[in-house]
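Have a look at the structure below before the remarks.
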Amino acid sequence: MEDKPANNFLQAIIARDLANGTVQEVVTRFPPEPNGYLHVGHAKSISVNFGLAEANGGRCHLRFDDTNPEKESQEFIDAIQEDIRWLGFQWHGEPRFASAYFQQLYEWAEYLVQQGDAYVCDLSADEAREYRGTLTEPGRNSPFRDRSIEENLALLRGMRANQFAEGEKVLRARIDMASPNMNMRDPILYRIRKVTHHQTGNEWVIYPTYDFAHGQEDAIEGITHSICTLEFEDHRPLYDWFIEHLPVQSRPRQFEFGRLNPSYTVTSKRKLKQLVDEGHVAGWDDPRMPTISGMRRRGYTPRAIRRFCEMIGTTRSDGVVDVAMLEFAIREDLNENAARAMCVLNPLKVVLTNYPDTAEVFTVSNHPSREDLGERDLPFTREIYIDADDFREEANKKYKRLVLGKRVRLRHAYVIEADEAIKNAAGELVEVRARVIEGTVGENPADGIKPKGVIQWVSASEGRTAIVRLYDRLFIDEAPDKGDKDFLEHINPDSLITVETAWIEPSLAEAVPEQGFQFEREGYFVADRRDHSPQVPVFNKTIGLRDSWSESA
RNA sequence: UGGGGUGUCGCCAAGCGGCAAGGCACCGGGUUUUGAUCCCGGCAUUCGCAGGUUCGAAUCCUGCCACCCCAGCCA
C-alpha cells in the first residue's frame, strides 16, 4: 500500500519534476554517518526520505556517509540498520557506503587538479583559518594556490602514497577566497588521516571531506532529490560547483528542510553521547533517551513515531515542536491497540471480611472496544491490594475513590464498602477492612447506593510482583539544547523512579518483552526488551494517561 | 557592519490576489465499571511591523524589525 503523498513543499517539487519529465523516477537517500545512534530527529529525516520515495513510486537508498573513520564504527552501522528496519522502512538494495566510492572520488580529485580547479596546500590548520578571513572580511589566497598542475598532481599522489604527515598537506578547490559564502573560500577536499577505516582498512591515508563526497555520492547513485537539513543550505553552491566541474553521470539536486527540535529534549549527538558517557542515563537505549532505540525500549511504537512525523509536517521553518505532540501520538496508538491489565504501584492491603477464602475467577475483556484482543482470567480473593492513593479515611465530594464508610467499584469485580482502617503502633495505615456488596459484579448495588468511582486492584494471593520503572522527561527545561546553557543542569532528578514491588495481575506474568499494555488508570507500560522475564517481570512506563483531575484537591 | 534562511492562534501547520483549513495544547458540556477513551461546543475581525499597489492583500511591491545557520583538515 502506498501512502497518499504528504502535503509539503518537497512533494510539490517532486510532483512537478515528475510531471515535466525532469526526472523519470524519484530516488532519495538517507545518509547517516555511523558515528552515533539515530534519534527522533533522524526519524523525521527517514520518514521524509523514505516517505517521499514511497509515495511517488521511487526508491530510497541507505548510504553510510563514512568519510571520517576516526569517529565511526561497525557498532553504529548495525544499530542504524536495525533502527530503520524497526521503524518499518526498507531501503532499496544493499546498504551503500561512501567508502565504496573512495577510488572514484580520488580520480575526480585528480581530474580537478588537471583542470586547474584544485591544488595542494601546505598551510597548517591554524594558518588556513587565518587566511580564510572572517564573516565580514574576505580571505587571502594561500601562498600555495598557484602551484603548477604537474606539481599539484605529484603532491596529491604523494599524499595518497603516504609520503606526508597528518596535517602537513590538504587538497583544496580553487574557487574564491573572497566569497561571502565561507564554504566557497577554497574548501578542503582531502585531508590526511592515518587511521584504519572500518570498511576500507588501511587502504587509504587520505579521506574526502563531506563537501567533496556527498554530491558525488549522490551522482554515482543516481539520486534525484538529495534532501538534507537547513544548515546545509550554504553548502548548496559548493555542492553544485562540484557537480558542474566534474564528469559525473547524473545531476542530483539538493533541497533542505527544517530540522526537528522537540521541547524538553536534546538531540545533538555530542550531548547524547555525553549523557551516555557520563552515566546520566544507562546507555544509548535508555528509555529516557530520544534515540530510536531508547524510544523503542520506552514502549513507543513505529506506528506512533511515523504518525508523529506526519503530524509535524515538513517545512523550511525551524521551530520547537511540543513533545506533547509526540505523547499524543503514542497515546493514540496504544489506546487503540494495547491490551488493558491491572497493576498496583503503591500497594495497600484490603481484607474483604465477608468474603470466603475460596477464590472466584472472572473472565474479563482485554480492551473496552477491541473484542479481537480477547479475554483473560482474573482471580478475585478475600485479600487484595489497591493503590494507597485510592483510599482515604475521609475526603471531599470530588474524591471518587475508596473512603471509610463509603463505596467504590473494583474494576471488573465487586463494589466494596470500607469499614475500618488498621494502623500500626506508629499510627501508619497498614490495612483496610472492607466488605463486598453482594450481587454487584456487573450490576449496581440493589440498594441503589452507587459507588462514585472505579479503582484497580490485584489479588494478594494470586497476583505477582514486578519491578516497574516510572520514567518521566529527562529535562526540566523546555529548551535544554538552546544556546550555550549547560544542559546537564536541567536534568530532571525524578526522571526515573523504580518501584521494586508492584503487584500485577497473574496474566501479566505471561507478557513477552516489548509487549505494551495499558495499566488501567495508570498509563501505558511495556515489558522491558532486555530485563523482563516471567520470573522477574519488569515493566517500563511509556507514558501516563491523560489526567484532567488534579491531585491537589 | 558579509552571506544564506525563517516569520500565519501557546506549539506544529494549510493557504500562492477574493474575504484565515486541520492537528496538539487549553477551556466548557455529555456518555462511561479506566478521573482514560469517545462525543459535542469554544479557541486568530487577523497573518512580525510600517507604508504602497488593487474594487479587494496573509498572499504583489518597498522599507524596517526579530530569530536561526555559516569563520572544523566534523557531517
Side-chain angles (χ1 to χ4, degrees), chain A residues 7-8 31-33 35 65 67-68 70-71 121 123-125 128-130 132-139 166-172 178-185 187-193 206-207 209-211 213-214 228-237 256 258 260 263 269-270 308 310-329 331-332 335-336 340 342 364 367-369 398-401 408-413 415 440-444 450-456 518-523 544-551 553:
Chain A
N7 176 27
N8 63 49
E33 184 189 12
N35 67 345
D65 217 353
T67 57
N68 185 11
E70 276 169 315
K71 298 187 287 186
C121 180
L123 252 25
S124 71
R129 188 180 317 119
E130 240 175 83
R132 193 155 33 230
T134 69
L135 295 177
T136 51
E137 302 158 30
E166 277 193 21
E168 192 178 337
K169 290 183 164 42
V170 294
L171 180 71
R172 304 174 69 176
S179 173
N181 181 342
M182 299 295 284
N183 296 300
M184 301 299 269
R185 320 245 263 226
I188 289 166
L189 276 42
Y190 271 94
R191 67 292 215 195
I192 298 169
R193 284 284 176 281
I206 59 173
Y207 291 97
T209 55
Y210 165 85
D211 284 313
H214 206 92
C228 60
T229 43
L230 251 24
E231 67 269 28
F232 290 100
E233 191 153 20
D234 288 342
H235 294 247
R236 195 171 61 220
E256 312 84 19
L260 165 64
S263 59
K269 276 188 189 173
R270 199 206 98 226
F308 169 67
E310 229 171 74
M311 281 170 68
I312 60 176
T314 307
T315 69
R316 287 175 61 83
S317 66
D318 59 344
V320 174
V321 172
D322 195 337
V323 282
M325 267 201 237
L326 216 207
E327 296 176 347
F328 169 83
R331 284 197 186 101
E332 181 184 50
N335 173 57
E336 175 77 19
R340 299 306 86 149
M342 292 194 285
V364 305
H367 191 104
S369 57
K398 286 169 133 176
Y399 189 79
K400 306 206 299 186
R401 311 173 189 183
V408 79
R409 158 77 62 186
L410 295 177
R411 176 67 166 159
H412 292 305
V415 171
T440 52
V441 176
E443 306 283 346
N444 279 134
K450 290 197 284 189
K452 279 194 295 190
V454 182
I455 61 173
Q456 76 275 23
Q518 185 199 98
F519 288 172
E520 296 206 41
R521 300 211 314 131
E522 290 289 356
L545 252 28
R546 199 164 148 266
D547 185 9
S548 56
W549 187 74
S550 53
E551 190 78 55

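In this text the structure is predicted, and so the values were computed from the model without any measurement. Lettering of chains follows the sequences in order, A, B, ..., and the numbering in each one begins at 1.
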Counter-base of [N], judged by Watson-Crick or G-U geometry with both distances under 3.5 Å:
N: rU6(B); result: rA66(B)
N: rU53(B); result: none
N: rU1(B); result: none

Expressed as a whole number of angstroms, how long is the span from [X]:[atom1] to [N]:[atom2]?
X: Lys71(A); N: rG72(B); atom1: NZ; atom2: C1'; result: 9 Å
X: Met311(A); N: rC11(B); atom1: CE; atom2: P; result: 16 Å
X: Arg129(A); N: rC74(B); atom1: CZ; atom2: P; result: 12 Å
X: Arg340(A); N: rC38(B); atom1: CZ; atom2: P; result: 11 Å
X: His214(A); N: rC74(B); atom1: NE2; atom2: P; result: 17 Å
X: Asn8(A); N: rA21(B); atom1: CG; atom2: P; result: 21 Å
X: Leu326(A); N: rG23(B); atom1: CG; atom2: C1'; result: 14 Å
X: Asp547(A); N: rA25(B); atom1: CG; atom2: C1'; result: 15 Å

Spacing of the [atom1] atoms in [M] and [N] (rounded, Å):
N: rA50(B); M: rA66(B); atom1: C1'; value: 15 Å
N: rG41(B); M: rU31(B); atom1: C1'; value: 15 Å
N: rC49(B); M: rC9(B); atom1: P; value: 10 Å
N: rA13(B); M: rA44(B); atom1: C1'; value: 14 Å
N: rC47(B); M: rA57(B); atom1: P; value: 11 Å
N: rU59(B); M: rG17(B); atom1: C1'; value: 6 Å
N: rU53(B); M: rG28(B); atom1: C1'; value: 45 Å
N: rG22(B); M: rC40(B); atom1: P; value: 13 Å

For a quick check of understanding: with a heavy-atom distance under 4.0 Å over all strands, which category does [X] fall into, base, sugar-phosphate or nothing?
X: Val320(A); result: sugar-phosphate
X: Thr134(A); result: base
X: Ala324(A); result: sugar-phosphate
X: Val364(A); result: nothing
X: Tyr207(A); result: nothing
X: Leu189(A); result: nothing
X: Arg521(A); result: base
X: Thr315(A); result: sugar-phosphate
X: Gly319(A); result: sugar-phosphate
X: Gly258(A); result: nothing
X: Thr67(A); result: sugar-phosphate

Within the side chain of [X], is there an N or O that forms a donor-acceptor pair under 3.5 Å with the backbone of [Y]?
X: Asp234(A); Y: Asn181(A); result: no
X: Arg185(A); Y: Arg132(A); result: yes
X: Arg193(A); Y: Glu166(A); result: no

>> Under the criterion of centre distance below 5.5 Å and interplanar angle below 30°, is Tyr210(A) classified as stacked on the base of rA75(B)?
In response: no
Identify which nucleotide among [options] has an atom closest to any side-chain atom of [X], counting heavy atoms from C-beta outward.
X: Arg191(A); options: rU34(B), rC74(B), rG2(B); answer: rC74(B)
X: Val321(A); options: rC12(B), rA25(B), rA75(B); answer: rC12(B)
X: Leu545(A); options: rA36(B), rC11(B), rG72(B); answer: rA36(B)
X: Asn7(A); options: rC70(B), rA14(B), rU34(B); answer: rA14(B)
X: Thr136(A); options: rC74(B), rG35(B), rG2(B); answer: rG2(B)
X: Asp65(A); options: rG35(B), rU37(B), rA75(B); answer: rA75(B)
X: Asp322(A); options: rA71(B), rG10(B), rC26(B); answer: rG10(B)
X: Leu135(A); options: rA75(B), rC12(B), rC70(B); answer: rC70(B)
X: Arg193(A); options: rG35(B), rC73(B), rA75(B); answer: rC73(B)
X: Thr209(A); options: rA14(B), rU34(B), rA75(B); answer: rA75(B)

To the closest 0.5 Å, what do you measure between [atom1] ([X]) and [atom2] ([Y])?
X: Leu171(A); Y: Arg191(A); atom1: CG; atom2: CZ; answer: 12.0 Å
X: Arg546(A); Y: Arg331(A); atom1: CZ; atom2: CZ; answer: 8.0 Å
X: Thr229(A); Y: Leu260(A); atom1: OG1; atom2: CG; answer: 11.0 Å

> Phosphate oxygens OP1/OP2 of rC73(B): is one of them under 4.0 Å from a side-chain N or O of Arg132(A)?
Replying inline: yes
> Given rG35(B), is OP1 or OP2 found less than 4.0 Å from the side-chain N or O atoms of Arg546(A)?
Replying inline: no
>> Taking the nucleotide of RNA chain B with the nearest heavy atom to each, does Ser124(A) or His412(A) sit closer to the 5' end?
In response: His412(A)
> Has the side chain of Gln518(A) got a donor or acceptor that lies under 3.5 Å from a partner of the other kind on the base of rU34(B)?
Replying inline: yes
> How are the rings of Tyr210(A) and Phe232(A) set relative to one another: parallel (under 30°), tilted (30 to 60°) or perpendicular (over 60°)?
Replying inline: tilted
For residues [X] and [Y], report the shortest heavy-atom separation together with the two atoms involved.
X: Arg401(A); Y: Trp549(A); answer: NH2-CZ3, 3.0 Å
X: Leu123(A); Y: Arg172(A); answer: CD2-NH1, 4.1 Å
X: His367(A); Y: Asn335(A); answer: CE1-O, 2.9 Å
X: Gly133(A); Y: Met182(A); answer: O-CE, 4.1 Å

>> I need a per-nucleotide contact map over nucleotides 3-9 of chain B, read 5' to 3'. Cutoff is protein heavy atoms under 4.0 Å; write B for the base, S for backbone only, - otherwise.
In response: BSSS---
> What pairs with Glu137(A) under salt bridge (charged side-chain N to carboxylate O under 4.0 Å, His left out), at least two apart in sequence or on another chain?
Replying inline: none
> rG72(B): syn or anti, with syn meaning chi within 90° of zero?
Replying inline: syn
